[in-house]
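Step one of this worksheet: look at the structure below.
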There are 4 protein chains.
Amino acid sequence: MPPETTTPNSSRRSERSRRAILDATYGLVMEKGYAKLTIEAIAARAGVGKQTIYRWWPSKGAVMFDAFFDAAYSGGEDIALPDTGDIEADLKAVLRATVDEYNDPEYSARLRALNSEVLADSQLSAELFDRMLAPGLAAYRTRLEAAQQAGQIAAGADLETAVELLLSPIQYRWQLGPGPLTHAFADSIVDIVLPGLRPPHPEG
Amino acid sequence: MPPETTTPNSSRRSERSRRAILDATYGLVMEKGYAKLTIEAIAARAGVGKQTIYRWWPSKGAVMFDAFFDAAYSGGEDIALPDTGDIEADLKAVLRATVDEYNDPEYSARLRALNSEVLADSQLSAELFDRMLAPGLAAYRTRLEAAQQAGQIAAGADLETAVELLLSPIQYRWQLGPGPLTHAFADSIVDIVLPGLRPPHPEG
Amino acid sequence: MPPETTTPNSSRRSERSRRAILDATYGLVMEKGYAKLTIEAIAARAGVGKQTIYRWWPSKGAVMFDAFFDAAYSGGEDIALPDTGDIEADLKAVLRATVDEYNDPEYSARLRALNSEVLADSQLSAELFDRMLAPGLAAYRTRLEAAQQAGQIAAGADLETAVELLLSPIQYRWQLGPGPLTHAFADSIVDIVLPGLRPPHPEG
Amino acid sequence: MPPETTTPNSSRRSERSRRAILDATYGLVMEKGYAKLTIEAIAARAGVGKQTIYRWWPSKGAVMFDAFFDAAYSGGEDIALPDTGDIEADLKAVLRATVDEYNDPEYSARLRALNSEVLADSQLSAELFDRMLAPGLAAYRTRLEAAQQAGQIAAGADLETAVELLLSPIQYRWQLGPGPLTHAFADSIVDIVLPGLRPPHPEG
DNA sequence: CGTTAACCGAGACGGTACGTCTCGTCTTCAG
DNA sequence: CTGAAGACGAGACGTACCGTCTCGGTTAACG
């Protein structure tokens, strides 16, 4: 299997420089924000010539993208939702954790930078989704399918939409701020969505 | 009625310049995109000194913000959802219209520019929501309250969350692209959310 | 016939503003130097609208010119060289005093500003000479003519040139710095020029 | 012999840009005058980024200085006064030539720009003198020393002052305009200064 | 086991845009 | 109905970065 990364590899490429660039980028975005990130600053902090950056990445966004992906998924951890058999409890637990994550300033800053870049260059949008969000959505879907098999969710339910219904309100509040991101809000989401997915003749 | 604008007023201020700046900004964002919008280009097209822009707006984002708000809500049209008595049909109709709007390239470009700016400067976030989104959400809420009064929705339902559940998935798909923005998707949202809000003992 | 001065008069003109402008100008040149003098700063310090300056003076140089002339010759003092009968002693005394004046930092700054402006706008050159230097030269000439009448200077001597020979080397050193401006230098000038003006058969 | 220039050298420096900047500067000063010279105009005409100017020169005056020095002394011609044995004739010939030079409009404009700048920034004053005037003064001094050796000038005469006495009146008239710059004026200077330098017992 | 070509750091280059400053004109409003 | 206050169009200032382009100096693969 060929290594599927944004940046092409080469035997001549200096791994030391690549690491220094990604680390410098990550640090600078955290400190100054994405809007004030400059190639020159990255090169200076990384102790690298500007050309070395331009040689391997097509744009500032691409560098940041790699830097963040690298930072987030270096462990390559498998993501799967817990399955206690109680779909409601499981969903609430995971959504509460998600809310906590969004409330973490560092995570929030990271996400803000990524989304800002993605909105400007819609080509990155697909990549962001495929590499960083799709695995998460798939995990939700897997959990919902298990619940479906267990008869807790109607056979014909539209799980695709269901997953997005669970996650998008959190992203929405985080991004536009119509209300606070609390555990209660996470619970509310589940309390509305889950009944809408129940099988027609509940266990009575 | 005093004119309610973001930027402070002054009897000395030239209305002619203000209009020219907003129009030039709107046109330039549509033509070149927000990323390539420059203050110098706005000033040149508006036939205005740069200082006149810097005097009245604190940032490029603020100018664009005003330009868009001005373009979108110049009519001051009242927004209210239709009420045929059939909450499901009404919601689907409105969400389908919303989907169509997001699929319009011009509207999409406008929104992209706004959101991109808003993500970078979180101070604008609240303003964007209050001035441009809150009225829409309120209209949804009003319609849901009517349905609640009509007994189509449970008395204790969390309408705040319900509104966000209806709208956020569309924004989510538009922004991150996990799937196509279709009428069917709009219907799916209603088909899941509405049952979750129904009163416990429906009309039987 | 209208009064031919730099600044036209008018019965409507506010003397209070005129004074405030000249004083502010003089002070600002002394504090920041002529190069950093701006109309806006003058107006601000004088508590005057910019238009009031532009109404009465054609250029920044003209304002400064008036300010300096006003400061220097407000007393309208008559200038005449001493006449002790000893032309050599008299000239040396006056040139030594002139050297001292040039060595005074405040006087030097003033002169520097004036000359700088005059070099740029040659129209002011004649005015500078006529109003500020010509009276001085005339005083020298008067003293030399007295010496001529006393037989200490040849009858046919070119006194016009003689006066300039006495004064120009001091201006030259001050402006271009080929050497220090000392009393010894002043004496040297007289020691060379005066013998060149002596009558052919001195009192023997 | 190392190249003696104001601006530091570097192997990385583009000689092509340096030349283009100096040429553009010289041309623009001649066309529009020093007061209307702008860095932007120099950069535009030279086809050069502004930063390339700011990188190598500290101020507008310094650029102009180099441009003029470069234009005037590119040949590196040795300057020496003629020596026909007749000191009076030699001095008059050279001073008449100097007067002609000052009367040349192009030379005059050049000199006006230089002096104007020098007066404003006294740091440039010393440099102007050392690089552009001192060699001339030295040539005069050499000629006077020759005359001294030939017995035409007193052994103890102050030649330093004598040289300045010969040159400064011309600069003075040119700059302040108390009278016309003619050959007769040049002769008058020599006619007064030279007798003042004669040995006490002439050829008898 | 030397040649040589790519990659490296450094940073100068032609440019664009920034946000500020000042110019000289034009407009408003208080005394 | 003058004059201070200051907004306006204009445009230069000096700075920050852009993305491209040499420079020498390693450094690793090939011949």
Side-chain angles (χ1 to χ4, degrees), chain A residues 10-18 20-21 36-44 46-60, chain B residues 10-18 20-21 36-44 46-60, chain C residues 10-14 16-18 20-21 36-44 46-60, chain D residues 10-18 20-21 35-44 46-60:
Chain A
S10 158
S11 53
R12 312 294 298 264
R13 183 166 185 187
S14 158
E15 173 60 16
R16 149 191 268 282
S17 294
R18 196 186 132 272
I21 289 165
K36 296 195 174 173
L37 181 67
T38 68
I39 296 280
E40 302 218 321
I42 296 173
V48 139
K50 284 197 291 176
Q51 198 57 44
T52 303
I53 299 178
Y54 285 112
R55 191 161 17 236
W56 301 110
W57 288 275
S59 70
K60 189 174 71 169
Chain B
S10 158
S11 53
R12 315 291 297 262
R13 184 164 184 187
S14 158
E15 173 60 17
R16 150 190 269 281
S17 293
R18 197 188 130 268
I21 289 165
K36 296 195 174 175
L37 181 68
T38 67
I39 297 278
E40 302 218 320
I42 296 173
V48 139
K50 284 198 290 176
Q51 199 57 48
T52 302
I53 300 177
Y54 285 111
R55 190 161 16 238
W56 301 109
W57 287 276
S59 70
K60 191 173 68 169
Chain C
S10 159
S11 54
R12 319 290 300 246
R13 184 164 184 188
S14 156
R16 149 191 267 282
S17 293
R18 196 186 133 273
I21 289 164
K36 295 195 173 173
L37 180 69
T38 67
I39 296 279
E40 305 219 320
I42 295 173
V48 139
K50 286 197 291 175
Q51 199 54 47
T52 303
I53 299 178
Y54 285 112
R55 209 183 333 263
W56 302 111
W57 287 275
S59 71
K60 192 173 67 170
Chain D
S10 158
S11 55
R12 314 289 298 254
R13 183 164 185 187
S14 159
E15 173 59 18
R16 150 189 268 282
S17 294
R18 197 187 130 272
I21 289 165
K36 296 195 175 173
L37 181 68
T38 68
I39 296 277
E40 301 218 321
I42 296 173
V48 140
K50 284 199 287 177
Q51 200 56 51
T52 302
I53 299 178
Y54 286 112
R55 188 157 22 234
W56 301 110
W57 287 275
S59 70
K60 193 173 66 170

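So you know, we letter chains A, B, ... as the sequences are listed, proteins then strands, and number each from 1.
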So how far is it from Thr52(C) OG1 to Lys50(C) NZ, rounded to the nearest 0.5 Å? 11.5 Å

How long is the straight-line distance from NZ of Lys60(A) back to CD1 of Ile42(A), given to the nearest 0.5 Å? 8.0 Å

Under 4.0 Å from OP1 or OP2 of [N]: is there any side-chain N or O of [X] that close?
X        : N       : value
Arg55(B) : dC8(F)  : yes
Ser17(C) : dA4(F)  : yes
Trp56(A) : dC8(E)  : yes
Thr52(D) : dA12(E) : no

Arg16(C) atom CZ, over 12 foreign heavy atoms within 6.0 Å: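 Open: at most 12 neighbouring heavy atoms sit under 6.0 Å from CZ of Arg16(C).
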
Whole angstroms only, please: what is the [atom1]-[atom2] distance between [X] and [N]?
X        : N       : atom1 : atom2 : value
Tyr54(D) : dG14(E) : OH    : P     : 15 Å
Ile53(B) : dA17(E) : CD1   : P     : 14 Å
Ile39(D) : dG15(E) : CD1   : P     : 17 Å
Ile21(C) : dG3(F)  : CD1   : C1'   : 11 Å
Ile42(D) : dG14(F) : CD1   : C1'   : 14 Å
Leu37(B) : dG19(E) : CG    : P     : 12 Å
Gln51(B) : dA12(F) : CD    : C1'   : 13 Å

Glu40(B) vs Gly49(A), nearer the 5' end of DNA chain E by closest nucleotide: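 Final value for this comparison: Gly49(A).
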
Contact nearer the 5' end of DNA chain E, comparing Gly47(A) with Ala46(D):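 The residue closer to the strand's 5' end, by nearest nucleotide, is Gly47(A).
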
First of Arg12(D) and Lys50(A) reached from the 5' end of DNA chain F, by closest nucleotide: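 Its nearest nucleotide lies further toward 5', so the answer is Lys50(A).
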
Judged by each residue's nearest nucleotide on DNA chain F, which is more toward the 5′ side, Lys36(A) or Arg16(C)? Arg16(C)

Contact summary for Gly49(C) and Ala43(C), nearest pair of heavy atoms: C-CB, 4.3 Å

Would a 4.5 Å heavy-atom cut-off, applied to side chains only, mark Ile21(B) and Trp56(B) as touching?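 A side-chain contact is absent here, since even the closest heavy-atom pair is not under 4.5 Å.
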
